[in-house]
Amino acid sequence: MRLIRWLAPLALGLMIVVAAAPAQAVDAVSVRGDAPAIDLTGILEYQHSDTDRIQVSTAPGTDGIVRRIEVRGREAGQNWVVFALANNTDDQLDRLIVAPHYRIVSSGLLWPDLGLSRIATITPSTGDRPERQDSATADIFRVTLDPGAVITFVAELRTNKLPQLYLWEPEAYKDKVNSFTLYQGIVIGISGLLALVLTILFVVKGSIMFPAAAALAWAVLVYIGVDFGFWGKVLDMSQGAERVWRASGEAILAATLLVFLFAYLNLSRWHVRYSHITLGWLAFLGSLVGLALFDPAVASGIARISLVLIAFAGFALIVYLSTHGFDRAVLLIPTWFLLVVWVVAAGMTVAGSVTNDIVGPALLGGLVLIVMLIGFTVMQHAFAGGGATNGIVSDVERRALALTGSGDLIWDWDVSADKVFTSPETEALLGLKRGTLEGPAASWLEVLHPLDQDRFRAALDSVLDQRRGRLVQDFRLRTPDGHFMWFALKARPVVGSDGEVSRVVGTLTDVTEIKNAEERMLHDSVHDNLTGLPNRKLFIDRLNAVANFSKTVPTMRPTIMVIDLDRFKQVNDSVGIAVGDSILLTLARRLTRILKPQDTLARLAGDQFGLILMSEQDAAKITAFAETIRKTIRAPIAFNDREIFLTASIGLALSDPSVPLTDELIKDAELAMYHSKRIGGDRIDVYKPAMRARKTDRLTLESELRRAIERQEITILYQPIVRLEDRSIAGFEALARWDHPKLGRMSPSEFIAIAEEIGLIIDLGMFVMDQTARQLAIWQRAMRSREPIFASVNVSSRQLLRHDLLHDIRTVLSRSSVARGTLKLELTESLVMENPEHAAQMLHRIRELGTGLSLDDFGTGHSSLSYLQRFPFDTLKIDQSFVRTTSRGTRPVILKSIIAMAHDLGMDVVAEGVETDSDAVEMYQLGCEYAQGFAFGEPMDADAAMRMLTEERLEAAS
């Protein structure tokens with residue numbers, strides 16, 4: 001890592017407001033465009049809050065105004081750091097905020113910090129939330145600083161300690177990571193090679209010191225592999241497992257060092273007491289591996305103390321034996337002295353006396369060097385008197401083996417002869433004949449991509465002119481069939497005695513898969529994953545491009561259309577999400593076929609499409625084209641043995657030559673579309689200014705629903721669920737209601753569909769789940785003398801499809817201490833059967849968290865009994881259509897079979913829609929354990945539910 005020595009820590013005064021504490025504005029750190037890295041560690045202000053919210057005063061902006069913001073933790077964190085950045089340049093700056101998970105520097109000797117993810121999230125005072133970058137060794141967030149911007153950042157910490165925080169220029173950080181990666185690869189390669197050689201020598205030479213030395217080498221390999229994050233890439237370890245591995249590695253390192261010292265000095269020959277001490281110490285160190293599974297920090301601290309004792313006690317013993325004529329001890333003095341020096345340096349590092357970022361990798365490299373010297377010492381003694389030096393690998397051979405082990409390809413340009421040599425594997429990858437790529441550097445231009453030729457030529461010329469530096473190039477090479485493969489070239493110049501560059505030597509790496517993945521990610525970021533059409537972001541970008549183009553060609557004015565399918569949610573619920581996606585894909589292909597190349601079709605939302613029409617300028621032709629679209633959508637879609645008919649509401653916004661083109665045109669088209677939908681749908685409406693003044697009900701509801709939770713307008717009612725055996729209250733079902741300030745109380749049927757369409761159902765579901773769990777905990781504490789009551793919460797399809805649902809449930813359960821299995825999630829039969837494989841997997845993981853599962857509306861879907869056996873439901877709720885009597889006054893005959901099947905699967909049965917006492921009696925006779933309906937109570941607020949529970953308890957007591 002390149003240390004920025006010329007950057008002194010900047011002072012940062014920041015006071016975070018917690019509760020009613022006074023606030024003080026922070027000073028912003030000025031970010032220069034030419035600074036590759038800024039150390040923010042010394043200027044961070046640590047704060048602790050009593051809740052998951054915190055208020056801060058931002059740094060003064062360019063206008064001198066200090067603002068106050070409130071930040072809510074995503075993981076209910078209570079530790080925070082605050083800092084501010086200012087871009088005083090005229091350019092937009094992209095930077096990376098980097099917080100490493102583990103640093104040996106200042107990690108501590110006792111109870112050391114073994115590394116964890118430090119930052120949960122970073123919230124800026126303005127702009128988008130910084131995007132987290134994928135990294136197994138650090139928390140990395142990309143931020144963009146606009147010219148003149150002053151942004152205050154509030155970071156939610158997962159721990160109470162942040163060892164280091166840097167602000168990196170992306171390319172500089174990439175170069176730093178690449179340089180360390182090469183170093184780490186070489187160190188791991190050398191360590192692995194050394195362990196393998198010593199293991200082979202142990203097989204060949206049966207001396208006991210060889211297995212001891214080989215075990216030490218393997219322990220060092222495991223230790224540095226953990227510290228470099230190598231095993232995390234191979235074994236995909238979690239952060240908690242990495243801490244266990246690190247502590248275990250230190251314990252094993254101390255144990256193998258003790259074993260080597262005992263075996264090499266042959267201490268059993270001197271006194272049996274040495275054997276007892278060694279065996280006892282070794283057993284103690286072995287127990288640390290088991291302790292690491294429960295408390296890695298304690299195990300690591302003890303292992304580090306043991307390592308210090310082994311180093312100093314071993315050196316004293318070696319010196320003592322050397323003075324008494326023991327030749328083996330004499331040979332080990334230089335190596336063990338270096339080990340003592342290494343232990344002292346490591347102690348100063350963990351204590352914080354040495355803080356240079358290079359010291360960590362240097363210590364690990366030094367440890368490998370010490371083991372290498374131990375190996376040489378062992379071989380020198382074992383092969384004394386006969387060709388001991390023949391088995392020692394030269395430095396040149398070692399580098400060659402390391403290069404071979406890395407899998408990189410050689411690239412060598414002899415400048416004086418103007419001849420390029422590359423490994424035969426390069427030509428084999430490209431499918432070229434051997435020798436095709438050998439020759440003058442200019443011949444490479446023939447196989448390079450035309451867009452890469454100038455960069456390649458300029459990079460080589462720059463290296464020759466500057467006679468120093470590092471050549472890092474990504475370019476494409478053509479294969480015989482015409483496609484291109486990506487390669488990364490990393491090389492350095494070799495300067496001859498005359499001061500001129502004689503060679504440029506480096507490695508080539510095939511990075512085609514990485515580049516393809518980057519291109520896919522870029523494509524997916526601006527395109528819809530289902531239809532492949534542009535998404536809303538790209539749609540707006542293309543509209544802006546058209547606006548710029550229309551400035552030069554005023555006669556070229558676009559028409560914006562917003563197409564929204566009518567009642568598509570009902571179709572989706574009827575045929576399932578998979579078939580619904582197929583319908584959307586079919587419609588996208590139909591619409592694409594009737595467009596011309598200059599037109600743009602995009603998918604703006606779930607069942608909403610947008611169109612930039614450039615091919616038609618005449619108003620009559622535009623209307624006719626819109627009618628063609630409407631008829632295209634109305635054409636039936638065949639599905640199995642049935643046909644599905646769809647209609648659409650289409651809104652048009654015609655651009656006005658006298659008004660600049662902006663994305664407001666899209667909003668105008670949406671207003672026209674909502675107007676069409678409001679008066680029945682299946683029609684085309686052109687935007688008129690009066691529509692904006694009128695504001696359609698749908699738009700108003702969407703806007704108000706987004707703020708309903710913040711305004712505490714969402715109320716949760718609870719409908720009792722009783723035990724039919726004794727008519728006591730067993731639990732409640734949580735039902736959300738929206739207390740609209742103007743429209744009054746609204747049922748879920750009026751706003752849940754809107755919440756799902758605009759993506760608010762996730763926040764709404766989390767709110768209902770959290771509030772229900774808190775209320776359930778209150779009830780259970782008040783009713784300790786009876787069996788814990790339960791509460792059921794409905795889960796939507798969008799919640800189930802998210803892997804974050806597991807995290808949400810874990811967060812809710814951690815906040816509210818409810819009895820295991822009493823917080824039940826209700827899922828409908830049609831929901832779990834949309835994707836049964838995924839549902840079964842998710843439900844098992846949800847059940848493991850300690851949450852109950854209830855299958856709602858059973859009998860209304862098309863579930864397979866084979867799948868039903870795989871779902872870990874503990875409760876089955878029979879739909880009220882089976883509970884109510886038929887026109888002939890009888891119950892459906894299938895009702896008894898459903899109850900019997902549920903009992904065979906080990907599930908309790910709840911009958912919904914029980915309206916009379918006779919219904920309850922008959923349900924109990926059929927075997928139902930629970931019932932829910934107006935016969936036992938309508939949905940009520942939490943206070944009314946508590947009164948009902950209290951009254952029931954008093955009656956039972958009397």
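The residues of the chain are indexed from 1 along the displayed sequence.
- Nearest heavy-atom pair, R142 versus Q133, reported as atom, atom and distance to 0.1 Å: CB-NE2, 3.5 Å.
- Between L533 and F539 the shortest side-chain heavy-atom distance does not fall below 4.5 Å.
- For the pair M485/T479, a side-chain contact is recorded, criterion being any heavy-atom separation below 4.5 Å from C-beta on.
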Any chance you could lay out the side chain to side chain contact (heavy atoms under 4.5 Å, CB included) test for V31 and L167, step after step, and finish with the verdict? CA-CA 9 Å; V31 182; L167 184 69; 3.6 Å; yes

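- For the pair D541 (side chain) and N544 (backbone), a donor-acceptor distance under 3.5 Å is absent.
- Smallest separation of non-hydrogen atoms from Y166 and A37: CD2-CB, 4.0 Å.
- Residues P480 and L432 form a side-chain contact, since some pair of their non-hydrogen atoms from C-beta on lies under 4.5 Å apart.
- Listed for the R503 side chain is no donor-acceptor partner under 3.5 Å among the backbone atoms of V494.
- Between I38 and L40 the shortest side-chain heavy-atom distance falls below 4.5 Å.
- Within the 4.5 Å cutoff, side-chain heavy atoms of I122 are placed close to those of I97.
- Closest heavy-atom contact between A138 and H101: C-NE2, 3.3 Å.
- The pair D452-R476 meets the salt-bridge criterion, with a side-chain N (NZ, NE, NH1 or NH2) lying under 4.0 Å from an Asp/Glu carboxylate O.
- Remark: D510 pairs with T512 by the side chain to side chain donor-acceptor pair (under 3.5 Å) rule, at least two apart or across chains.
- The shortest non-hydrogen separation linking F141 to R132 is CZ-NH2, 3.2 Å.
- A salt bridge is absent between D414 and K419; no separation between the charged side-chain nitrogens and carboxylate oxygens falls under 4.0 Å.
- The OG1 atom of T531 sits 10.0 Å away from atom CG of D581, with the distance rounded to the nearest 0.5 Å.
- Panel note: side chain S423, backbone E425; no donor-acceptor pair is recorded below 3.5 Å.
- Atom CZ of R589 has 12 or fewer heavy atoms from other residues, nucleotides or ligands within 6.0 Å.
- Side chains of F487 and L429 form a contact here, defined as non-hydrogen atoms less than 4.5 Å apart.
- Summarising the local packing, CG of D481 is surrounded by more than 12 heavy atoms from other residues, nucleotides or ligands at distances under 6.0 Å.
- Rounding to the nearest 0.5 angstrom, the gap separating the CG atom in L601 from the CG atom in L591 is 5.5 Å.
- Contact of the L471 side chain with the W413 side chain is not registered, since no non-hydrogen atoms from C-beta on lie closer than 4.5 Å.
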Test side chain to side chain contact (heavy atoms under 4.5 Å, CB included) on S502 and V415; report intermediate values, then the result. CA-CA 5 Å; S502 60; V415 179; 5.9 Å; no

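- Taking the side chain to side chain donor-acceptor pair (under 3.5 Å) definition, one finds that Q473 meets it with R455, sequence neighbours left out.
- Between the NE2 atom in H483 and the CZ atom in R478 there is a gap of 11.5 Å [rounded to 0.5 Å].
- For T600, there are no side chain to side chain donor-acceptor pair (under 3.5 Å) partners, not counting sequence neighbours.
- Between W444 and F456, the ring-plane angle classifies as parallel under the 30° and 60° cut-offs.
- Within the model, atoms OG1 of T422 and CD1 of I410 stand 8.0 Å from one another, a figure rounded to the nearest 0.5 Å.
- Here Q92 pairs with D146 under the side chain to side chain donor-acceptor pair (under 3.5 Å) rule; sequence neighbours left out.
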What do the steps show when you test I119 against L165 for side chain to side chain contact (heavy atoms under 4.5 Å, CB included), and what is the final call? CA-CA 10 Å; I119 300 178; L165 189 70; 4.0 Å; yes

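- Of all the heavy atoms in P100 and R118, the pair that sits closest is O-CG, 3.6 Å.
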Given D34 and E169, is the side chain to side chain contact (heavy atoms under 4.5 Å, CB included) satisfied, shown in steps? CA-CA 9 Å; D34 59 346; E169 194 276 328; over 6 Å; no

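- Two residues are said to be in side-chain contact when any heavy atoms from C-beta on lie closer than 4.5 Å; R492 and V505 fail this criterion.
- Between atom CD1 of residue I370 and atom OG1 of residue T335 there is a gap of 8.5 Å, rounded to the nearest 0.5 Å.
- Here the side chain of D599 pairs no donor or acceptor atom with the backbone of L595 at under 3.5 angstrom.
- Expressed to the nearest 0.5 Å, how far CG of L96 lies from CD1 of I140 amounts to 6.5 Å.
- Scored by the side chain to side chain contact (heavy atoms under 4.5 Å, CB included) test, V472 finds R470 as partners (sequence neighbours excluded).
- Between the side chain of E513 and the main chain of V511, no donor-acceptor pair closer than 3.5 Å is present.
- Residues satisfying the side chain to side chain contact (heavy atoms under 4.5 Å, CB included) test with R434, not counting sequence neighbours, are F421, P424, E427, E438.
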